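Heads up: the structure comes next, in structure tokens.
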There are 2 protein chains.
Amino acid sequence: MPRTSQTELAILGALSIEPMSGYRVRAEILATLGHFWTESFGQIYPTLAKLEEAGFVEREAGEPFSITPSGRRRLRELLRTPPEPIPPRNALLLRLFFGKELGPAGCRELLDRTERDVRAQLAELAPIRARLDPEDPDERYQLVTLSAGEHHGRATLDWIAETRGLLGL
Amino acid sequence: MPRTSQTELAILGALSIEPMSGYRVRAEILATLGHFWTESFGQIYPTLAKLEEAGFVEREAGEPFSITPSGRRRLRELLRTPPEPIPPRNALLLRLFFGKELGPAGCRELLDRTERDVRAQLAELAPIRARLDPEDPDERYQLVTLSAGEHHGRATLDWIAETRGLLGL
DNA sequence: CTCCCCATGTAACTGGTTACATGATTCA
DNA sequence: TGAATCATGTAACCAGTTACATGGGGAG
């Protein structure tokens, strides 16, 4: 079962909101989906060309890319494909698992660093949440993805505290 | 900054516990690190050959691979390299973010499926936890990685409940 | 005039997976 | 004898990143 690219989905999704250039697609993804998704130019432009050839997006000369009706159908189709779970690869846990070799100081540094990173990420999320209106139906979807980040961040902090206790750090 | 392979680290880590064949390295990783790490044969054998050439592992004819002193030094060195954060790619959130296009039924199914998956994963973790002895210093590291999985699983369940409420599903 | 941002793209590389081929050993 | 498991490996493929090249347009 070959792993299928999700870039198509991300790009069509972005264009479903409004027409934009490839450059802006990337900027929007970075700004809006940044805490759970990334795309690089090396992926975006070839995919955009593929989508154009397939008739899912189009571009009038000098205009930004826009999604076509068939592109919107394609988007809905992709949205309904079940998210294939990516084989997990957690570099932090891989190191901590070999904590005996790493030593207490290394473990402690690993936890400290992670805590810093998570707190920084939560700090980035807070102002975004503050700007979102929970009553606006259009913004609710962004709110729930944001909330997922917060839940996982807090879970990581809980786990770090617990782990420090367990390892006596 | 080229993304560096962590396969070396995983393999040296496995061999730091006891000598074993490439086949068993894979089996052990699957059984023990399975909930946060994966390795495929297509990665393991070439990496093992590379490690052998570099003198980090060795193999007497007919014997399993074993880690050398310089391999153990290498392992500690790799353990101390800070875990480079993988660009996040959460296929579930990507779909949910475009929930307006996906529709309520699609969102609901997405959440249901995720809940099922997470519960299944937690159910796999429970018996492992039951077998671990929190007093054994050697098993504490496994315990904390296991606990990380539990924390994140529970966080996901919390988030799902919250999200159902928010989206009225 | 220069710097920065917008914009489009490509080439080289790499980490990783899947599928296939092959054979030894064990066990019912 | 035949199936399952242990074992080693390779070839094809793929998604994705990084780095580079190129140029227009606006701001200072």
Side-chain angles (χ1 to χ4, degrees), chain A residues 1-12 14-15 18-31 33-34 36-53 57-66 78 81 83-91 94, chain B residues 1-12 14-15 18-31 33-34 36-53 57-66 78 81 83-91 94:
Chain A
M1 156 186 41
R3 200 154 301 298
T4 59
S5 173
Q6 314 268 306
T7 301
E8 234 179 287
L9 171 45
I11 292 179
L12 286 174
L15 294 181
E18 58 172 326
M20 54 184 102
S21 66
Y23 185 90
R24 246 202 81 199
V25 165
R26 207 248 177 167
E28 291 295 324
I29 288 177
L30 193 66
L33 319 181
F36 65 86
W37 203 261
T38 49
E39 290 295 346
S40 63
F41 286 130
Q43 260 325 64
I44 286 179
Y45 287 111
T47 304
L48 228 22
K50 235 183 61 188
L51 288 171
E52 191 175 22
E53 205 193 351
V57 307
E58 60 187 5
R59 169 174 51 170
E60 307 289 317
E63 290 297 302
F65 290 93
S66 62
L78 289 173
T81 61
E84 35 183 318
I86 310 176
R89 294 200 125 209
N90 187 321
L94 180 63
Chain B
M1 156 186 44
R3 198 155 301 300
T4 59
S5 173
Q6 313 268 305
T7 301
E8 232 179 288
L9 170 44
I11 292 180
L12 286 175
L15 293 181
E18 57 172 326
M20 54 184 101
S21 68
Y23 184 89
R24 247 201 80 199
V25 166
R26 207 246 176 170
E28 291 294 325
I29 288 177
L30 192 66
L33 319 181
F36 66 85
W37 202 261
T38 50
E39 290 295 345
S40 63
F41 287 129
Q43 264 319 69
I44 286 178
Y45 286 113
T47 304
L48 229 22
K50 235 183 61 188
L51 288 171
E52 190 175 22
E53 204 193 350
V57 308
E58 60 187 5
R59 169 173 52 171
E60 307 288 318
E63 291 295 303
F65 289 93
S66 62
L78 289 172
T81 62
E84 35 183 320
I86 312 176
R89 292 200 126 209
N90 187 321
L94 180 64

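Residue numbers start from 1 in every chain, and the chains themselves are labelled A, B, ... in the order their sequence lines are given, proteins ahead of strands. This one's a predicted model, so the numbers in the text were calculated from it and none came from an experiment.
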Which ones in residues 57-66 of chain B lie close to DNA chain C, meaning a heavy atom under 4.0 Å from one of its atoms?
none

Is B:Ser5 near enough to C:dT14 that one of its side-chain N or O atoms lies under 4.0 angstrom from OP1 or OP2?
no

Provide a list of protein-nucleic acid N or O atom pairs under 3.5 angstrom, restricted to nucleotides 22-24 of chain D.
none

Would you mind reading off the distance between A:Ile44 atom CD1 and C:dT10 atom P, rounded to a whole angstrom?
14 Å

B:Leu48 CG to D:dT8 P, straight-line distance once rounded to whole Å:
8 Å

Mind calculating the distance between OH (B:Tyr23) and C1' (C:dT22) to the nearest angstrom?
15 Å

Which is true for A:Ser21 with a 4.0 Å heavy-atom rule: it touches a base, it touches only sugar-phosphate, or it touches nothing?
sugar-phosphate

Contact class for A:Gly42 vs. all strands (heavy atom < 4.0 Å): base, sugar-phosphate, or nothing?
base

What integer distance in Å separates A:Gln43:CD from C:dC13:C1'?
14 Å

Can you measure B:Leu30 atom CG to C:dT17 atom C1' for me and round it to whole angstrom units?
14 Å

Does C:dG16 have OP1 or OP2 sitting under 4.0 Å from an N or O in the side chain of B:Thr38?
no

Please determine if a side-chain N or O atom of A:Tyr45 lies less than 4.0 Å away from the OP1 or OP2 oxygen of C:dT8.
yes

How would you label the contact of A:Ser40 with the nucleic acid (heavy atoms, under 4.0 Å): base, sugar-phosphate, or nothing?
base

